[in-house]
Amino acid sequence: MVAAVAPAPAIADGRFVHGSAGVGDPFFPRAGNGGYDVSHYRLALRYTPAGNRLRATAAIKAVATEGLSRFDLDLRGLRVSSVSVDADPADFRRRGQELLVTPRRPLPGGEPFKVRVRYRGSPRPVIDPDGSKDGWIPTNDGAFVADEPQGAPTWFPCDDHPTDKATYEFRVTVPAGVVAVANGKLKYRIRGRRHTTFVWREGSPMATYLATATIGRFEVSRSRADGSPSYVAVAPARTAAAAPVLAKLPAILRLWGRKFGDYPFAATGAIVDHAPSVGYALETQTRPLFDTVPDQATLAHELAHQWFGDDVTPRRWRDIWLNEGFATWAEWYWAQHTGGRSTGAVFDALYAVGRGDTAFWNPPPADPGKPENLFDGTIYERGGMALEALRQKVGAKVFFRILRDWVSMHRYGNASTRQFIDLAELDSGMDLRGFLRAWLYRPIQRGKPPLP
Ligand code: TRP
Ligand code: ZN
């Protein structure tokens, strides 16, 4: 909804400019686009798993943040058949991951506009700098759709940066017997003889990387979990194994609600798919997505992300420890809460790792250095340790106040590491700069980060 980074306008054309091809995130320079803010995506998708065929229309509501004679959307692969802006046909061109749109009439700065894109093809995942894949990942019976950090444009045209949050409607048509699960609430289903259309709505602002429309022959159960409507979809033959873990979902949500503040969204649930080639789970907004049956730690982790990552989202990709460090610390806290090791004991065991083990300690969590390291182990473990060190330094009471204030200050928005350090100092009344900087930014060659 809000662009946090103001990119330099590209080629000027009188009062109108070409919106830039990226928002200036150094890890993914072409991610996102300049010149407008999206407020809503309405995605109508028709997917045929046999042959991996997608046919779709995206209707996007946005506001121009400057006068635009041209703007970009991010779109990877697929064939575009038409683009219109405010109901007039528009010219379009492809250039790498960009779809360049030239409206018939330039768009005045400050004015809302609507783009409609019709497209089709065989969606394919993108290979990330670390070699993993994300985006639309076909499975035996549908598709596993996980977009972090850059997969959303493999299935819809978008402003693909975490700073441009928007609301969503998904209308997904699949063959009868197949289920399509997206974010938010299931509004209704239209059941034909040969097809079913699932209409989902996510009414809270959501980053593109948290959108999903995962498809398969799922078994579905609907209930309420800690006050929210819950929609759980599980791959066939996985239901028995998944049931005991998924039974913990309400208790985990209740604990996070107590510790982090009220659950931020209008629905919850989970998707347990069978997608062995993926190798990770994702905190898709309202409804975490698992490539296999998760353990309790992983479920607790993805649910903690609903506060840390989904509600409060990093401003830049290099701030990713604000997601992964927090969710990892939350895993440890859930283990302690259920009678396992204490967070302090986990910290002590990890702190004993020698400084010669540079792969364990580097890169420092708030300075991953390059996009290959976004999901490096240190972002998770040393990031979690930094929070545990903070908890011990300021005491549990102040620590949880910091976490709750973090969430309420940045609700549905974006935030940076610097803002977290500032808040920790404000809430504790302590000078924490040197301590947190050492934990978050200092390479191990300059010594282990300080004990609290
Ligand atoms: N955010 C996910 C989690 O930890 C992990 C993840 C998402 C990931 N995309 C990835 C890990 C790509 C490696 C590569 O919950
Ligand atoms: Zn995570």
Side-chain angles (χ1 to χ4, degrees), residues 1-43 57-76 78 80 82-119 147 149-168 205-211 313-317 412-414 416:
M1 277 183 152
V2 179
V5 209
I11 307 156
D13 173 9
R15 292 179 299 119
F16 298 102
V17 300
H18 291 174
S20 64
V23 295
D25 191 312
F27 277 19
F28 299 105
R30 307 224 146 225
N33 305 286
Y36 64 92
D37 272 336
V38 176
S39 59
H40 185 70
Y41 292 94
R42 180 156 50 81
L43 307 177
T57 302
I60 303 168
K61 277 197 210 171
V63 174
T65 53
E66 53 197 329
L68 292 174
S69 56
R70 196 183 82 191
F71 63 88
D72 285 16
L73 288 160
D74 297 305
L75 185 66
R76 298 172 176 273
L78 304 166
V80 174
S82 72
V83 178
S84 71
V85 175
D86 290 332
D88 290 330
D91 281 339
F92 61 92
R93 242 181 321 137
R94 306 295 296 273
R95 187 187 282 167
Q97 71 178 73
E98 305 291 309
L99 169 65
L100 285 59
V101 179
T102 305
R104 182 179 288 177
R105 280 187 303 265
L107 302 167
E111 296 284 311
F113 64 99
K114 288 199 183 98
V115 193
R116 178 191 283 272
V117 181
R118 285 183 207 283
Y119 58 102
D147 303 328
Q150 39 175 4
T154 68
W155 60 285
F156 66 101
C158 57
D159 187 23
D160 189 28
H161 193 265
T163 46
D164 196 357
K165 296 191 181 189
T167 56
Y168 287 71
M206 177 165 80
T208 47
Y209 81 87
L210 297 169
T313 307
R315 192 175 289 283
R316 301 289 181 111
W317 280 110
Y412 304 139
N414 299 88
S416 65

Of all residues at least two apart in sequence or in a different chain, which pass the side chain to side chain donor-acceptor pair (under 3.5 Å) check with Ser84? none
Distance alone, cut at 3.5 Å: any donor-acceptor contact between the side chains of Thr163 and Asn414? no
As an exercise, state the distance from CZ of Arg30 to CD of Gln150, rounded to the nearest 0.5 Å. 13.0 Å
Distance-only, no hydrogens or angles: does the His40 side chain make a donor-acceptor pair with backbone N or O of Lys61 under 3.5 Å? no
Check whether any side-chain heavy atom of Leu73 sits under 4.5 Å from a side-chain heavy atom of Ile60, and report yes or no. yes
What is the distance from atom NE2 of His18 to atom CG of Leu68, rounded to the nearest 0.5 Å? 9.5 Å
For Phe92, what residues pass the ring pair (Phe, Tyr, Trp, His ring centres under 6.0 Å) criterion, not counting sequence neighbours? none
Would you please name every residue forming a side chain to side chain contact (heavy atoms under 4.5 Å, CB included) with Pro108, sequence neighbours left out? Glu111
Which residues share a ring pair (Phe, Tyr, Trp, His ring centres under 6.0 Å) with Tyr41, sequence neighbours left out: Phe156, Tyr168
Rounded to the nearest 0.5 Å, what separation is found between the CG atom of Leu99 and the CG atom of Asp72? 7.5 Å
Scan for side chain to side chain donor-acceptor pair (under 3.5 Å) pairs involving residues 87-97, sequence neighbours excluded, and state none if there are none. Arg76-Gln97, Asp88-Arg105
Is the distance between the ring centroids of Tyr119 and Trp155 under 6.0 Å? no
Can you measure from CG (Asp25) to NE2 (His161) and round to the nearest 0.5 angstrom? 3.5 Å
Sequence neighbours excluded, which residues qualify as side chain to side chain donor-acceptor pair (under 3.5 Å) partners of Thr313? Lys165
Sequence neighbours left out, what passes side chain to side chain donor-acceptor pair (under 3.5 Å) with Glu98? Give chain and number order. none
Please confirm whether the backbone N or O of Ala58 pairs with a side-chain atom of Arg118, one donor and one acceptor, at under 3.5 Å? no
My understanding is that only residues two or more places apart in sequence, or in another chain, count here; which of them pass side chain to side chain donor-acceptor pair (under 3.5 Å) with Asp74? Asn33
Does Asp164 use its side chain to pair, donor to acceptor, with the backbone of Val38 at less than 3.5 Å? yes
Thr65 side chain to Gly35 backbone, donor-acceptor under 3.5 Å: yes
Given side chains that start at C-beta, do those of Val117 and Val115 come closer than 4.5 Å, heavy atoms only? yes
